[in-house]
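Heavy atoms only: backbone and side chains are in, while hydrogens, waters and symmetry mates are out.
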Amino acid sequence: QVRLDESGGGLVQAGGSLRLSCVASGRTSINYFLGWFRQAPGKEREFVAAISRSGGSTKYADSVKGRFTIARDNAKSTVTLQMNDLNPEDTAVYYCAAGTKAYFSDDYASMNSWTYDYWGQGTQVTVSS
């Protein structure tokens, strides 16, 4: 089993920045591909950003491209999401996810929630106008 713990959420004004962190514990000897998703009130969970096992491949939702950056530190079993120029539409609960499926290559960054095996509890991000 793997446990994912997110932190770094909070309340910020439009145009501000936040940095989310997610620490994996448990079976951290397995190398995971990692992602961030978010869910706003009354909406479906949506993809935000993903990074491959190797760290060499990343993907972003169109709505966050150029503003958000995903990164991983395998030595610390951590994935981060740097969020800049936030706007009220970014308000949501942000979830960290980890995928273990071996048939995906080390350069695979997944946008699809079904490919992930473990999910964190989420951290609230609220952006005021």
Side-chain angles (χ1 to χ4, degrees):
Q1 273 290 0
V2 173
R3 173 171 172 157
L4 301 173
D5 291 304
E6 303 101 332
S7 62
L11 174 64
V12 64
Q13 289 187 332
S17 298
L18 283 174
R19 183 183 178 88
L20 304 184
S21 293
C22 174
V23 179
S25 59
R27 296 181 66 194
T28 56
S29 60
I30 298 175
N31 199 8
Y32 308 100
F33 53 91
L34 299 161
W36 287 94
F37 290 75
R38 67 186 182 187
Q39 187 167 18
K43 294 187 177 182
E44 296 290 318
R45 186 177 297 186
E46 65 175 4
F47 167 76
V48 177
I51 189 166
S52 63
R53 289 186 179 92
S54 68
S57 181
T58 57
K59 290 181 180 175
Y60 296 92
D62 288 342
S63 59
V64 308
K65 278 181 183 176
R67 301 187 297 124
F68 290 13
T69 303
I70 188 171
R72 65 186 297 157
D73 184 338
N74 289 343
K76 297 180 180 180
S77 299
T78 300
V79 59
T80 58
L81 185 69
Q82 177 66 42
M83 306 187 295
N84 298 328
D85 192 23
L86 287 160
N87 58 63
E89 289 70 40
D90 296 316
T91 295
V93 177
Y94 283 70
Y95 298 91
C96 170
T100 65
K101 296 173 176 65
Y103 49 79
F104 292 123
S105 75
D106 286 350
D107 289 326
Y108 178 71
S110 177
M111 302 173 62
N112 301 303
S113 60
W114 68 266
T115 63
Y116 292 90
D117 302 291
Y118 301 103
W119 294 82
Q121 293 299 306
T123 185
Q124 176 70 47
V125 171
T126 303
V127 185
S128 63
S129 57

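With a 4.5 Å cut-off on side-chain heavy atoms, L34 and Y116 do not count as touching.
When atom types are taken as modelled, the side chain of E6 and the backbone of Q121 share a donor-acceptor pair closer than 3.5 angstrom.
From S63, atom OG reaches atom CZ of R38 across 4.5 Å, with rounding to the nearest 0.5 Å. Summarising the geometry, atom CZ belonging to R19 is positioned 4.0 Å from atom OG1 belonging to T80; distances are rounded to the nearest 0.5 Å. Atom-to-atom distance recorded for T58:OG1 and K65:NZ is 9.5 Å, nearest 0.5 angstrom. Remark: S52 OG to D107 CG distance equals 5.0 Å, nearest 0.5 Å. With rounding to the nearest 0.5 Å, the separation of CD in Q82 from OG in S21 is 9.5 Å. With values rounded to the nearest 0.5 angstrom, L81 atom CG is found 11.0 Å from T123 atom OG1.
Within 6.0 Å of atom CD in Q39, more than 12 heavy atoms from other residues, nucleotides or ligands are found, so the atom counts as buried in its surroundings. Around atom NZ of K76, no more than 12 heavy atoms belonging to other residues, nucleotides or ligands sit under 6.0 Å away.
Side chains of D73 and T78: a donor-acceptor N/O pair is absent below 3.5 angstrom, by distance only. Side-chain atoms of T126 and Q124 form a donor-acceptor pair, as typed in the model, at a separation below 3.5 Å.
V23 and Y32 fall into different hydrophobic clusters, where Ile, Leu, Val, Met, Phe, Trp and Tyr side chains are chained together by heavy-atom contacts under 4.5 Å. Cluster membership check: V79 shares its hydrophobic cluster with Y118, using side-chain heavy-atom separations under 4.5 Å among Ile, Leu, Val, Met, Phe, Trp and Tyr. By the rule that hydrophobic residues join a cluster once side-chain heavy atoms approach within less than 4.5 Å of another member, F47 and I70 end up as members of separate clusters. Linking Ile, Leu, Val, Met, Phe, Trp and Tyr whenever their side-chain heavy atoms come within less than 4.5 Å puts I51 and L20 in one cluster. When the side chains of ILVMFWY residues are joined at heavy-atom separations under 4.5 Å, either directly or via intervening members, W36 and V2 end up in a single hydrophobic cluster.
Considering only residues two or more places apart in sequence or on other chains, R45 meets the salt bridge (charged side-chain N to carboxylate O under 4.0 Å, His left out) condition with none of them.
What you find for P88 and S128 is that their closest heavy atoms are CG-C, 4.4 Å. Among all heavy-atom pairs drawn from N87 and R67, the shortest one is ND2-NH1, 3.5 Å. Closest non-hydrogen pair, G8 versus L18, comes out as O-CD2, 3.8 Å. Nearest heavy atoms, R72 versus R53: NH1-CA, 3.4 Å. Residues S57 and A109 approach most closely at O-CB, 3.7 Å, considering heavy atoms.
Residue pairs meeting the ring pair (Phe, Tyr, Trp, His ring centres under 6.0 Å) criterion with at least one partner in residues 84-104, sequence neighbours excluded, are F33-F104, F104-Y108.
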Between M83 and V125, is the side chain to side chain contact (heavy atoms under 4.5 Å, CB included) condition met? List the steps.
CA-CA 10 Å; M83 306 187 295; V125 171; 3.9 Å; yes

